[in-house]
Amino acid sequence: MKKTRLLCTVLLLFCAVSLISASESIFDVKEAEINVSVGKNAVHTIEENYLFYYNVPSHGFYRDIPTDYSQWKVRARVKNIQCSDPFSVETDGSYVSLKIGESDTVIRGYKEYSLSYTYDLGADGNEGYDEFYLNLIGSSWDSPFEKVSFTVTVPYTGSDMRVCLTDGSYGSQSYSGSFETYKSGNNTIIKGTTENLRPGESLTVRIELPDSWYVGAREVKDNRAQASLIVCAVSVLVTLLAALLWTKFGRDKTPIITARFEAPDNFTPLATGYVADGTVDDKDITSMIYYWADKGYLRIEEKKKDKFEFVRMVTELPQSCLYYERRLFSALFRKADEEGRVTLKDLQRSNFFQDMQNAREDVTRFFTKENRLTDMKSEIMQIVFSLASFLPGFLAVVAVSQYEFVSEGVFILAFGAFITPLVMLLLFYRLFKKWYLRKTNLPIEIFIIALTASIIVIRYAITSVFYENCPLYFPLVTVLSTVVTAFFSSIMLRRSEYGQKVFEEILGYREFIDKVETDKLKTMIESDPDLYYHVLSYAIVFGLENKWSKKFSSLNTAQPSWYTGISPVDVMLYSAMSSRLNNAIRLNAMSSAQFRSGGIPKMGGGGFHSGGFSGGGFGGGGGHAW
């Protein structure tokens with residue numbers, strides 16, 4: 001029982017001591033004297049004299065002077081700092097903090113401090129009048145002020161000058177102290193005192209002066225107009241340079257398309273698809289199954305709908321076949337049983353997805369050196385101007401940032417400036433790969449124009465948020481420069497002499513598949529009854545399998561020996577089966593990658609008013625011990 005009473009007593013004493021400690025500040029400001037000389041150029045000289053009483057031993061104190069008033073388009077500059085004690089200066093963009101005192105010195109009891117500095121507020125932005133609005137004591141002090149005296153000297157004696165003083169908590173419009181105003185020579189002196197300011201309370205003076213009273217004040221940095229013109233000039237130069245170098249390094253000869261009845265010599269559908277559009281698609285790879293079937297290398301069996309099996313008819317391909325073709329054929333039958341049969345499930349277990357990736361790399365590697373399809377210099381130019389297409393947008397962001405109070409949200413504009421060329425490059429590269437394989441490109445041209453116009457409107461709207469009265473030419477020129485430079489970059493690749501030759505031959509073969517008339521086919525199948533099957537794999541690569549099959553729907557076409565299945569056999573079956581076969585192989589191949597990797601493979605206070613209020617001005621700030 002006694003122990004319990006003792007414990008309660010200790011706890012009560014601890015709480016009492018804690019409350020007393022919490023209510024007592026580290027130091028009290030016994031006296032403060034603030035002297036301000038208002039500068040005609042808005043550079044004001046401030047002297048601060050303090051008498052502290054340290055309740056707790058300390059090294060000194062921080063004097064925090066605010067500098068950032070972005071909401072009022074003001075950013076103060078603190079210079080010419082002097083102090084009676086050793087000090088160091090720290091800045092964080094919003095405050096200049098003076099760390100006054102020394103770490104090897106401990107202060108107890110009374111201590112006097114004197115410091116001075118110039119406070120440059122820059123040009124006044126009010127219409128109809130100029131204003132001096134300053135917190136003589138800011139709201140961020142941790143300590144109470146017992147007595148504050150102040151003197152404000154204004155080099156003006158006109159009767160139209162208005163003076164307002166406020167003190168107390170933030171927003172107060174009253175003044176509890178005393179002050180007087182008198183003239184001395186060419187100056188007006190405002191002198192007064194106030195007492196018993198609690199921590200967080202302010203003392204503020206607001207003086208309204210005639211319009212344009214400030215002369216030679218620092219103007220807000222705003223070089224956006226000049227920067228915009230420079231950026232537009234650079235953007236136009238980049239675009240013209242891209243066009244000029246395209247004519248020198250990138251312009252291709254217009255293909256001469258003459259219908260031909262055969263693919264280029266030794267060109268498989270896989271190689272044909274790569275030359276046609278510069279990529280190896282899934283259908284380019286699966287078209288090889290029809291190609292090999294037509295050659296007698298394998299047989300296709302459809303047990304159930306979309307349940308395919310392949311039967312190997314030869315152990316390996318002839319040595320006359322290219323290495324990438326032989327490698328892909330061997331990979332297809334890696335998990336074949338004793339009868340040479342492989343199912344889609346077998347492809348999944350054998351990681352055929354990786355084999356398809358290898359085939360893409362093999363074909364790309366084949367078209368190098370003497371088989372190179374493009375000119376090396378044009379490839380370098382393409383890389384250079386792909387990067388150059390990002391330049392106008394990047395410079396546009398830099399131009400908008402040439403303003404002292406640009407919003408931090410300008411990163412939105414930077415994001416758009418990065419996305420625009422990226423989207424246009426990817427779009428153009430994709431579209432121009434198949435430019436000669438389409439019947440018409442008019443819808444694409446209309447789409448590009450509409451997309452560009454939309455980007456200009458969006459860019460203008462976003463830029464206007466950070467750039468008031470933004471000239472329309474600025475986003476117009478920078479966006480068009482980005483789009484046009486990306487356009488020239490995407491067509492910068494020039495075909496080599498070999499590349500031009502095989503490209504024209506492939507387009508000629510496609511022309512035959514696309515345009516050949518039924519009467520001509522009747523004549524051709526008399527000498528080649530299997531013509532439909534010889535061409536089918538190439539028609540698949542060109543995306544013309546349905547059109548090719550329809551041409552034979554009224555002709556007497558022999559049935560192939562390489563297919564057995566559950567569906568009625570006609571020529572339309574094979575074109576329809578090509579997409580089903582492609583999907584089935586792709587999905588099972590991707591499933592193998594998923595199975596092995598564990599996932600799917602990745603492709604200051606408020607606004608001013610005439611009377612002012614406590615804490616509503618510039619300056620002030622606060623202080624705390626260290």
Side-chain angles (χ1 to χ4, degrees), residues 245-285 287-288 291 321-325 359-383 385-386 425-442 444-445 487-516 534-545 547-548:
L245 292 179
W246 171 73
T247 61
K248 182 176 178 59
F249 295 104
R251 175 181 278 176
D252 274 316
K253 296 178 182 177
T254 302
I256 301 174
I257 304 175
T258 304
R260 52 179 291 140
F261 304 141
E262 295 179 351
D265 293 340
N266 297 322
F267 263 59
T268 64
L270 187 56
T272 300
Y274 178 78
V275 174
D277 59 18
T279 58
V280 177
D281 302 323
D282 289 343
K283 67 177 182 179
D284 296 340
I285 294 175
S287 68
M288 292 297 293
Y291 177 77
C321 297
L322 293 173
Y323 76 91
Y324 65 81
E325 183 183 352
R360 291 181 172 89
E361 296 173 6
D362 288 343
V363 174
T364 303
R365 196 177 300 113
F366 173 78
F367 287 103
T368 56
K369 298 179 181 179
E370 68 273 8
N371 295 328
R372 190 180 190 84
L373 299 175
T374 56
D375 178 71
M376 176 67 78
K377 290 181 180 178
S378 69
E379 290 184 12
I380 296 173
M381 289 295 103
Q382 184 177 61
I383 294 172
F385 283 98
S386 293
L425 285 170
L426 294 175
L427 177 65
F428 284 141
Y429 286 154
R430 186 173 183 84
L431 292 178
F432 289 117
K433 282 180 180 296
K434 300 187 178 183
W435 191 255
Y436 290 101
L437 301 181
R438 301 185 184 92
K439 289 183 179 180
T440 176
N441 288 299
L442 181 60
I444 294 172
E445 293 167 353
F487 166 77
F488 279 115
S489 171
S490 64
I491 61 173
M492 187 68 75
L493 279 182
R494 173 185 284 172
R495 288 183 287 271
S496 65
E497 185 176 341
Y498 170 76
Q500 183 74 13
K501 172 180 174 297
V502 295
F503 187 64
E504 290 179 348
E505 291 177 353
I506 284 171
L507 291 182
Y509 193 36
R510 182 187 183 280
E511 183 78 1
F512 159 69
I513 297 173
D514 185 35
K515 301 291 178 63
V516 64
H534 295 336
V535 178
L536 178 60
S537 57
Y538 293 93
I540 292 171
V541 166
F542 293 127
L544 297 173
E545 61 270 26
K547 192 169 187 178
W548 179 246

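Since this is a predicted model, take the numbers as computed values, not measurements.
Take D362 and apply the side chain to side chain donor-acceptor pair (under 3.5 Å) test, not counting sequence neighbours, and it matches R327, R365. Judged as a side chain to side chain donor-acceptor pair (under 3.5 Å), and not counting sequence neighbours, K248 has no contacts. In this structure, the side chain to side chain donor-acceptor pair (under 3.5 Å) partners of S489, at least two apart in sequence or on a different chain, are S386, Y429. Here E504 pairs with Q500 under the side chain to side chain donor-acceptor pair (under 3.5 Å) rule; sequence neighbours left out.
When all heavy atoms of R260 and E505 are compared, the closest pair comes out as CD-O, 3.0 Å. Smallest separation of non-hydrogen atoms from W548 and L536: NE1-N, 4.1 Å. The two atoms that bring L270 and V280 nearest to each other are CD1-CG1, 3.6 Å, heavy atoms only. Annotation for S287 and I540: closest pair CB-CG2, 4.1 Å, computed over non-hydrogen atoms. Across all non-hydrogen atoms, the minimal contact from A271 to F267 is CB-CD2, 4.0 Å. Across all their heavy atoms, F366 and Y323 have their closest contact at N-OH, 4.1 Å.
For the atom pair OH of Y498 and CG of N371, the computed distance is 4.5 Å after rounding to the nearest 0.5 Å. Note that OH of Y324 is 15.0 Å distant from CD of E361, once rounded to the nearest 0.5 Å. Between atom CG of residue L493 and atom CE of residue M376 there is a gap of 11.0 Å, rounded to the nearest 0.5 Å. To the nearest 0.5 Å, the span separating CG on L425 from CZ on F487 amounts to 12.5 Å. A distance of 14.5 Å separates CD of E511 from CD1 of I506, quoted to the nearest 0.5 Å. The CG atom of L245 sits 6.0 Å away from the CE atom of M492 when rounded to the nearest 0.5 Å.
Within the 4.5 Å cutoff, the side chain of T374 has no heavy atoms near those of the S496 side chain. Taking the side chain as every heavy atom from C-beta outward, Q382 and F249 never approach each other to under 4.5 Å. Contact check for F503 versus L373: no side-chain heavy atoms found under the 4.5 Å cut-off. Between T368 and T364, every side-chain heavy-atom pair lies at or beyond the 4.5 Å cut-off. The closest side-chain heavy-atom distance from M288 to P269 is below 4.5 Å.
When each of I257, V535, D514, T272 is checked for a side chain to side chain contact (heavy atoms under 4.5 Å, CB included) with Y509, only V535 meets the rule.
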What verdict does the side chain to side chain contact (heavy atoms under 4.5 Å, CB included) test give for Y274 and F367, after you've listed the backbone C-alpha separation in whole Å, the side-chain angles of each residue and the deciding distance to 0.1 Å? CA-CA 9 Å; Y274 178 78; F367 287 103; 3.4 Å; yes
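Sparse packing is recorded around CD of E262, with 12 or fewer heavy atoms of other residues, nucleotides or ligands lying under 6.0 Å away. When the shell of 6.0 Å around CD1 of I256 is examined, it contains 12 or fewer heavy atoms from other residues, nucleotides or ligands.
Sorted by first then second residue, the salt bridge (Lys or Arg N to Asp or Glu O under 4.0 Å) pairs that include residues 368-378, not counting sequence neighbours, are R372-E379. Sorted by first and then second residue, the salt bridge (Lys or Arg N to Asp or Glu O under 4.0 Å) pairs involving residues 490-500 (not counting sequence neighbours) are D252-R495.
Remark: R360 engages D282 in a salt bridge, criterion side-chain N to carboxylate O under 4.0 Å.
The backbone N or O of I491 sits less than 3.5 Å from a side-chain atom of W246, completing a donor-acceptor pair.
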